[in-house]
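First the structure, in the form of structure tokens, and then the observations on it.
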Amino acid sequence: DWEQHGLSTPQHVLRWFAHHLRADGALVVEAVTENKYNRGSVVTATVYTVTAQGQVDVKATFTPEGELPELPRLGVSMAITAEYQNFAWSGRGPLDSYPDRKTAETIGLWNGKVAAQYTPYPRPQESGNKEEVRYLRLTDAKGQGIQVEAVGKLFAASALHFTAQDLAGTAHDCDLKPRQEVILNLDAAVLGLGNSSCGPGVLKKYAIEKVPHTLHVRVRQQQSAAYWGEAGGDTLGNREGEVFQADVGSLEDEHLVRLE
């Protein structure tokens, strides 16, 4: 269905672009883009605010238009430098979770290697998603890297060595070649898994509603392994998959990203 609607081969159109400097020195960049498919499109209005301190506030609103199939996700994807192999997040974990498969995953602070987030199914497919993420970080061996925080609504995220195109275009797991860089996905909405392999597809309540969805996050530099955001300052341990705090509340553009 996705292939028939052309979701894998969209036509990218820039509708509008502007930028200005605020009085406090922040640079504000605004853009409206459209991904055109065979009988519908998704319009994305994005505002980037880069502060004088180096923080980047990203607010993107995705609006589906026209005739579209069930959408797999609405969000942004980016390539992160290969040095950031340590992945930690506040959300559901330690295994992957989706709108219709998440209650078995505990809300807490989790960490692990990026390579461990992919599930090697015989046929490569979607895996590694984390639901109800409050903030995440990707760091190198020295604990330096980036931190992404939710502004308001929580988001979904994954960090893998594969793009969606890599997974969809490979028939067997043994033929899948991991990329050196980290593919970070930040999503305002993600489609449930359903059970189409031996039963019904995704229930409507776990599908992505064809209405505007907004992703609002703040990206900042991660200075050391001992720092964990503004909301508590918890120190993460070294054991992969360890939960560090159980009650923290309910929760193919490729640009190499590295903050120095």
Side-chain angles (χ1 to χ4, degrees), residues 26-29 46-60 73 75-94 96 108-118 128-164 178-188 190 214-238 240 244-245 248 251-260:
L27 171 65
V28 180
V29 179
T46 309
V47 180
Y48 302 92
T49 304
V50 185
T51 70
Q53 293 73 38
Q55 297 181 18
V56 182
D57 185 279
V58 182
K59 186 175 184 179
R73 64 195 335 129
V76 298
S77 181
M78 65 194 78
I80 308 293
T81 180
E83 297 175 10
Y84 295 169
Q85 293 298 314
N86 300 310
F87 180 42
W89 70 98
S90 169
R92 291 194 178 269
D96 51 10
L109 301 182
W110 304 91
N111 76 343
K113 296 295 184 182
V114 170
Q117 306 310 309
Y118 169 70
N129 186 67
K130 316 299 182 187
E131 285 288 302
E132 300 179 26
V133 175
R134 187 180 299 277
Y135 37 96
L136 65 82
R137 72 183 187 188
L138 285 165
T139 56
D140 60 16
K142 297 179 180 179
Q144 299 178 343
I146 62 170
Q147 178 162 298
V148 182
E149 307 166 358
V151 180
K153 181 184 175 183
L154 307 181
F155 60 95
S158 66
L160 301 168
H161 284 298
F162 311 101
T163 66
R179 295 169 180 254
Q180 289 189 340
E181 63 267 29
V182 177
I183 305 302
L184 177 63
N185 296 302
L186 307 173
D187 295 300
V190 173
T214 297
L215 172 73
H216 193 181
V217 297
R218 183 176 296 115
V219 185
R220 68 173 75 215
Q221 185 176 15
Q222 174 66 37
Q223 296 284 5
S224 70
Y227 173 72
W228 183 258
E230 295 179 331
D234 301 287
T235 300
L236 294 180
N238 296 318
E240 293 185 21
F244 300 97
Q245 181 177 332
V248 293
L251 315 170
E252 149 128 347
D253 290 333
E254 296 186 2
H255 307 285
L256 288 179
V257 177
R258 177 168 182 171
L259 300 180
E260 300 290 355

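What you are looking at is a predicted structure, and each value in this text was computed from that prediction instead of being measured.
When all heavy atoms of F155 and L215 are compared, the pair lying nearest together is CB-CD1, 3.7 Å. Minimum interatomic distance between M78 and L186 (heavy atoms only, all atoms of both residues): CE-CD1, 3.9 Å. The two residues A188 and K153 come nearest to each other via the heavy atoms O-NZ, 3.7 Å. The shortest non-hydrogen separation linking K130 to F87 is CE-CE2, 4.0 Å. In this structure, V151 and V217 approach most closely via the heavy-atom pair CG2-C, 3.9 Å. Taking each heavy atom of A157 and L136 in turn, the nearest pair found is CB-CD2, 3.5 Å.
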>> Assess the residue pair L184 and L138 against the criterion (side-chain contact (heavy atoms from CB on, under 4.5 Å)); give the C-alpha distance rounded to whole Å, side-chain angles, the decisive distance to 0.1 Å, and a yes or no.
In response: CA-CA 9 Å; L184 177 63; L138 285 165; 4.2 Å; yes
> Could you walk me through whether Y84 and I146 pass the side-chain contact (heavy atoms from CB on, under 4.5 Å) check?
Replying inline: CA-CA 9 Å; Y84 295 169; I146 62 170; 4.3 Å; yes
>> Please evaluate residues V56 and V50 with respect to the criterion side-chain contact (heavy atoms from CB on, under 4.5 Å), reporting the C-alpha separation (whole Å), side-chain torsions for both, the decisive distance (0.1 Å), and the verdict.
In response: CA-CA 5 Å; V56 182; V50 185; 4.3 Å; yes
> Can you check side-chain contact (heavy atoms from CB on, under 4.5 Å) on Y135 and W89, steps first, answer last?
Replying inline: CA-CA 6 Å; Y135 37 96; W89 70 98; over 6 Å; no
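Using a distance-only test at 3.5 Å, with no hydrogens or angles considered, no donor-acceptor pair links the side chain of N111 to the main chain of A88. Remark: side-chain polar atoms of D187 are not paired, donor with acceptor, to backbone N or O of V190 under 3.5 angstrom. A donor-acceptor contact shorter than 3.5 Å links the side chain of Q117 to the backbone of K113. Side-chain atoms of D57 never come within 3.5 Å of backbone atoms of T49 as a donor-acceptor pair (strictly under, hydrogens ignored).
Taking a cutoff of 4.0 Å between a charged side-chain nitrogen and a carboxylate oxygen, R134 and E149 do not qualify as a salt bridge.
The line from CD of E83 to OG1 of T81 is 4.5 Å long, rounded to the nearest 0.5 Å. The OG1 atom of T51 sits 9.0 Å away from the CZ atom of R218 when rounded to the nearest 0.5 Å. Taking OG of S90 as the start and CZ of R137 as the end, the distance is 11.5 Å to the nearest 0.5 Å. Atom OG1 of T139 is separated from atom CD of Q144 by 9.5 Å, given to the nearest 0.5 angstrom.
N129 and S158 share no donor-acceptor pair across their side chains, judged by distance under 3.5 Å alone.
The shortest side-chain heavy-atom distance between L154 and V133 does not fall under the 4.5 Å cut-off.
When the side-chain contact (heavy atoms from CB on, under 4.5 Å) test is applied to H161, the partners found at least two apart in sequence or on another chain are Q85, V114, A115, P178, V182.
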